[in-house]
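What follows is a set of notes on a single structure, which appears directly below.
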Amino acid sequence: MIGYVTLGSDNMPRARAFYDELLGTVGAKRIMEFGDDLGGFTMWGTGFDKPGLAVTNPYNQQPAVAGNGNMSAIAMNSRAKVDEIHAKALELGGTCEGPPGVRGDEGPQAFYGAYFRDPDGNKLVVYLMRG
């Protein structure tokens with residue numbers, strides 16, 4: 001249902017470096033990019049038929065601000081990958097918003113997630129939903 005999520009940045013070179021490294025860890029790469037004269041829109045994904053993550057300067061030319069209560073979620077295929085991506089985000093200058101772990105009960109619908117903010121303050125979670 002979700003096609004892509006867009007996050008704002010006031011520093012596209014920093015954002016591109018962060019997401020190139022972070023999303024490259026899960027096999028995503030830049031699949032669409034418009035020049036900085038158009039706001040620096042860049043989208044990462046594993047294909048145009050899969051959900052993606054985009055970063056851009058705000059269209060209204062106002063400062064990019066992270067929403068309080070807004071969060072983008074990126075599905076992983078293992079708990080180890082959740083741990084790896086969270087650690088990589090922190091290594092790249094992100095900040096921890098909740099370490100890897102189970103939220104709720106273990107079982108077939110267990111939610112294992114880790115939360116972080118990117119260098120622009122955008123909140124993300126990487127997660128696995130199953131036991």
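Numbering of residues begins at 1 and proceeds along the displayed sequence. The model shown is predicted, which means the values in this text are computed figures rather than measured ones. Heavy atoms only: backbone and side chains are in, while hydrogens, waters and symmetry mates are out.
Between Y19 and L92, the closest side-chain pair of non-hydrogen atoms is not below 4.5 Å. Counting only heavy atoms from C-beta outward, the side chains of L124 and L53 approach each other to under 4.5 Å. Side-chain contact check for D10 versus P58: some heavy-atom pair is nearer than 4.5 Å. Between V5 and L7, the closest side-chain pair of non-hydrogen atoms falls below 4.5 Å.
Sorted by first then second residue, the ring-ring contact (aromatic ring centres under 6.0 Å, His included) pairs that include residues 46-98, not counting sequence neighbours, number zero. Screening residues 87-124 for ring-ring contact (aromatic ring centres under 6.0 Å, His included) gives F111-Y127 as the qualifying pairs, with residues at least two apart or on separate chains.
Across all their heavy atoms, T46 and G27 have their closest contact at CG2-O, 3.7 Å. Across every non-hydrogen atom of G47 and I31, the tightest pair is O-CD1, 4.1 Å. Taking all atoms of both residues into account, the shortest heavy-atom contact from A89 to F18 is O-CE1, 3.6 Å. Between P99 and C96 the shortest heavy-atom distance is N-SG, 3.7 Å.
Side-chain atoms of R79 do not come within 3.5 Å of backbone N or O of V102 as any donor-acceptor pair. Under the 3.5 Å distance criterion, the side-chain polar atoms of R103 are matched with a main-chain donor or acceptor of G113. No donor-acceptor distance shorter than 3.5 angstrom exists from the side chain of D120 to the backbone of N122, with no hydrogens or angles considered. Side chain of N57 to main chain of S9: a donor-acceptor pair is present (N/O by atom type, distance under 3.5 Å, no hydrogens or angles).
Remark: E84 CD to L22 CG distance equals 9.5 Å, nearest 0.5 Å. Atom CD of Q109 and atom CZ of R130 lie 11.0 Å apart (nearest 0.5 Å). To the nearest 0.5 angstrom, M12 atom CE is 5.5 Å from T56 atom OG1. Taking CD of E97 as the reference point, atom CG of L90 lies at 10.5 Å (rounded to 0.5 Å).
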Which is it for R16 and V55 under the side-chain contact (heavy atoms from CB on, under 4.5 Å) test, yes or no, and what are the steps along the way? CA-CA 8 Å; R16 287 177 178 142; V55 178; over 6 Å; no
List the atom pairs, with distances to 0.1 Å, where a side-chain N or O of residues 60-78 and a protein N or O form a donor-acceptor pair under 3.5 Å, not counting sequence neighbours.
unit_1: N60; atom_1: OD1; unit_2: Q62; atom_2: N; d: 2.9
unit_1: S78; atom_1: OG; unit_2: K81; atom_2: N; d: 3.0

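Screening V26, D83, I85 for a side-chain contact (heavy atoms from CB on, under 4.5 Å) involving V126 leaves a single residue, I85.
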